[in-house]
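Right, one structure below, let's go through it.
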Amino acid sequence: MSPRPVVTRFAPSPTGFLHIGGARTALFNQLYARHTGGRFLLRVEDTDRERSTEAAVAAIFEGLSWLGVTPDAEPVFQHARADRHREAVMELLAAGRAYRCYLTVAELETMREAARAEGRAIRSPWRDRTPNEPDAPHVIRFKGPLEGETVLNDLVKGEIRFRNIELDDLVLLRSDGAPTYNLAVVVDDHDMGVTHIIRGDDHVNNAARQTLIYQAFGWEVPAMGHIPLIHGPDGAKLSKRHGAQAVGEFADMGYLPEAMRNYLTRLGWGHGDDEIFTDAQASAWFDVTDVVKSPARLDWQKLGFINAHYLKEADNDRLAALVTRVLTARGETVPAEVVGRLSALIGLLKEGAKTTLDIADSLAFVLKTRPLALDERTQGLLTPETRQRLARLQDQIAATPFEREALEAMIRAFAGTEGVGIGKFGPALRGILSGGGVAPDLATLLLSLGREESLARLNDALLREA
RNA sequence: GGGCCCUUCGUCUAUCGGUUAGGACACCAGAUUUUCAUUCUGGGAAGAGGAGUUCGACUCUCCUAGGGCCUACCA
C-alpha cells in the first residue's frame with residue numbers, strides 16, 4: 001500500500017446540473033478523504049468546450065455547497081491545463097507510446113462498422129505507418145499493447161480483467177489540438193496527486209485504458225473504486241419522470257442537506273443496522289470497500305422519513321427562514337404578527353412533516369384571516385346545542401393559561417362538566433379555529449393561534465347566522 | 001454484435017461456509033385518539049434459476065436468465 005496521504009477528487013463535467021448520483025459520488029469522495037485524514041479535491045472536466053457552460057459550473061458548485069460537500073482546495077479547471085496535456089502527449093509520442101493517425105471520419109466510420117460486425121476493437125493502420133504528409137490533419141492516438149491483459153483491483157468490485165486486445169487505441173489529442181478526456185484525467189489526477197479515484201460505475205471500461213496510459217507514463221496507478229449508479233424507484237435510469245434528478249430540485253422540494261447526506265450515504269453503503277448517523281459518524285465509519293456493488297433505487301418514502309427526523313432536530317429559526325422562502329415563493333404573505341412567532345409555531349407544528357413544504361402547508365390555518373369561512377362539515381356541526389356548549393367553552397378558554405398541559409386538562413375537564421365526550425364539541429371547535437382542512441390537535445391549535453385569536457375566531461363563528 | 005459489471009423481503013441493507021437469514025422504510029392489523037397525522041404494539045414479507053465444490057452453502061466455482069454500463073476527435 002502506498003504510504004502517501006490519501007487524495008480523492010470529484011470530477012464533474014459541466015454539461016448540466018449536478019445529478020443526485022454525482023452528488024453521492026462527491027460525498028463518498030469527501031467521506032473517504034475525511035475517513036483517512038486525507039484531502040478531497042474538485043476538478044471541473046471542461047475539456048469539451050462545446051458542451052461545457054458556465055451556468056453548469058455554477059449549478060454544480062451551488063449544488064455541492066448546498067449539500068455541504070466542499071473541496072479542501074480551490075477547484076481545478078481542466079481546460080486551463082491544455083498546454084500541460086499537450087506536452088504530456090508529446091512525451092508519449094516521443095517515447096513511441098502514441099502515434100499520429102490520419103484516418104478520416106468517413107474511413108473511421110467504415111472501420112468501426114466492420115470491427116463491430118466482427119466483434120473486435122478498432123485498430124488504426126497508422127499504428128505502424130509513417131505518413132507521407134506529416135502535417136495533414138490528424139489525431140494522436142495512444143498505442144496500446146496488443147497482448148496481455150490489464151487487471152484492475154477495484155476497491156468496490158474486486159478484480160476485473162481486460163484483455164488488452166479488446167481495448168482500442170483511444171484518441172489523446174484531437175485534430176484541433178485539444179486534449180481528450182481520457183488523457184486529461186490521467187495527467188490531472190497524476191499532477192494533483194490523486195491516490196484514490198472514486199467515481200461512477202460508467203467509467204470501469206475507461207479505467208482499464210487509463211491504467212495503460214499511467215503505465216506508459218511510468219506513473220503509479222491510483223487505487224480506483226467504481227460505485228454503482230442510482231436508479232429511479234422503478235429500477236430504470238433516473239430521469240425527469242421520477243420527480244427529481246438535480247440536487248437543487250431536492251432543495252426546492254423541502255429536503256434538508258443533512259438529511260440528503262444521510263440518505264445518500266446510506267444508499268449503497270451500510271454500517272450494520274445504523275440508519276441515522278451524524279457526519280462525524282459517517283466519516284469515521286465510511287470505507288469505499290464497503291460500498292455495495294449493485295445499483296440502488298431512490299426511495300422517496302425513506303428519504304421522507306430521514307428528512308422528517310432531521311426536521312425535528314433542526315433549529316426552528318433556521319426552519320422559519322426556509323419556510324418563509326417557501327411561502328413567499330407561493331405568493332403567500334405572512335402577517336407581521338405571525339412573522340415574529342414563526343419559529344415558535346414551527347416548533348409546535350413540525351411534528352409529522354416530511355419536508356419544509358409540509359411545514360408550510362401546516363401553517364395554512366394560522367395564515368387565514370378573520371372572519372374565517374367555515375367548511376360545510378363544520379357548519380353542519382354547529383347545532384344550537386353545540387353553539388351553547390361552545391359559548392360555555394369560550395369562557396373556559398378565556399380563563400385558562402395558554403400552556404399545553406393546562407389546555408389539555410381544561411378540555412378534558414370541560415367534557416366532564418358537560419357530561420359528554422370530547423367528540424361532542426371537539427370537531428366543531430377544530431373546524432371553527434382552523435376553518436376546516438388539515439389541523440393539529442386542539443391544544444396545539446389553541447397554542448398556535450394564541451388566546452386572543454382563538455377567542456376571536458370562536459366568537460366570529462358563534463355570532464354567525466345559524 | 002463485442003467487452004465489462006450487477007442479482008438477499010416491494011425498497012435500502014446486514015450476513016463475510018454452520019443464523020429461527022437480522023434491521024430500517026413501506027405495507028397490513030390492533031391500541032390510543034377531537035379529523036388527518038403523530039405515537040405504541042403486533043404481523044406478513046427475501047437469497048433469480050440450474051449444476052458443482054463441501055460434512056454443510058445466501059456466502060466459493062461454472063452455466064442460464066434478467067438488468068445495467070461501455071463500445072466517440074463526449075465526459
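The sequence lines fix the lettering, A, B, ..., with proteins before strands; numbering per chain opens at 1.
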When you compare [N] with [M], how far apart are their [atom1] atoms, in angstrom units rounded to a whole number?
N: U15(B); M: U8(B); atom1: C1'; result: 10 Å
N: U38(B); M: A21(B); atom1: C1'; result: 32 Å
N: U41(B); M: G67(B); atom1: P; result: 42 Å
N: U32(B); M: C40(B); atom1: C1'; result: 8 Å

Establish whether the base of [N] is bridged to the side chain of [X] by a donor-acceptor pair shorter than 3.5 Å.
X: Ser175(A); N: C73(B); answer: yes
X: Glu118(A); N: G2(B); answer: no
X: Arg120(A); N: G2(B); answer: no
X: Asp274(A); N: A24(B); answer: no

NA contact type, [X], heavy-atom cut-off 4.0 Å: base, sugar-phosphate, or nothing?
X: Glu275(A); result: base
X: Asn206(A); result: base
X: Gly304(A); result: nothing

Go through [options] for me and flag the one nearest to the [X] side chain.
X: Glu166(A); options: G2(B), C73(B), C69(B); value: G2(B)
X: Ser13(A); options: U7(B), C25(B), A75(B); value: A75(B)
X: Val292(A); options: U7(B), C70(B), U13(B); value: U13(B)
X: Asn182(A); options: C70(B), A75(B), G1(B); value: A75(B)
X: Tyr181(A); options: A75(B), C12(B), G3(B); value: A75(B)
X: Val171(A); options: A26(B), C6(B), C73(B); value: C73(B)
X: Asn205(A); options: U7(B), U13(B), C4(B); value: C4(B)
X: Lys157(A); options: C73(B), C6(B), C12(B); value: C6(B)

**Request:** Just say parallel, tilted or perpendicular for the rings of Tyr255(A) and Phe250(A), cut-offs at 30° and 60°.
**Result:** tilted
**Asked** So His203(A) and Tyr181(A), would you call those rings parallel, tilted or perpendicular, with 30° and 60° as cut-offs?
**Response** tilted
**Request:** For Glu376(A), look at atom CD and say whether over 12 heavy atoms of other residues, nucleotides or ligands are found less than 6.0 Å away.
**Result:** no
**Greater than 12 external heavy atoms within 6.0 Å of Glu149(A)'s CD** = yes
**Item:** Watson-Crick or G-U wobble mate for C27(B), both contacts under 3.5 Å
**Value:** G43(B)
**Request:** State the pairing partner of C69(B); accept Watson-Crick or G-U wobble contacts with both distances under 3.5 Å, and report none otherwise.
**Result:** G3(B)
Extract from the structure each pairing of a protein N or O with an N or O of nucleotides 29-40 of chain B at less than 3.5 Å, listing the distance.
unit_1	atom_1	unit_2	atom_2	d
U34(B)	O2'	Arg430(A)	NH2	3.4
U34(B)	O2	Arg430(A)	NH2	2.3
U34(B)	N3	Leu442(A)	N	3.4
U35(B)	N3	Arg430(A)	NH1	3.3
U35(B)	N3	Ala439(A)	O	3.3
U35(B)	O4	Arg430(A)	NH1	2.0
U35(B)	O4	Arg430(A)	NH2	3.2
U35(B)	O4	Ala439(A)	O	2.2
U35(B)	O4	Pro440(A)	O	3.1
U38(B)	O2'	Glu351(A)	OE2	2.9

**Side-chain donor-acceptor pair present, Asp287(A), Thr289(A), cut-off under 3.5 Å** = yes
**Request:** Verify the contact: side-chain N or O of Arg112(A) to OP1 or OP2 of U71(B), cut-off strictly under 4.0 Å; return yes or no.
**Result:** no
**Asked** Which heavy atom in Leu311(A) sits nearest to a heavy atom in Leu256(A), and how many Å separate them?
**Response** CD1-CD2, 3.3 Å
**Prompt:** Are any non-hydrogen side-chain atoms of Leu433(A) and Ser454(A) less than 4.5 angstrom apart?
**Reply:** yes
**Prompt:** Is the aromatic ring centre of His231(A) closer than 5.5 Å to the centre of the six-membered base ring of G68(B), with the two planes inclined by less than 30°?
**Reply:** no
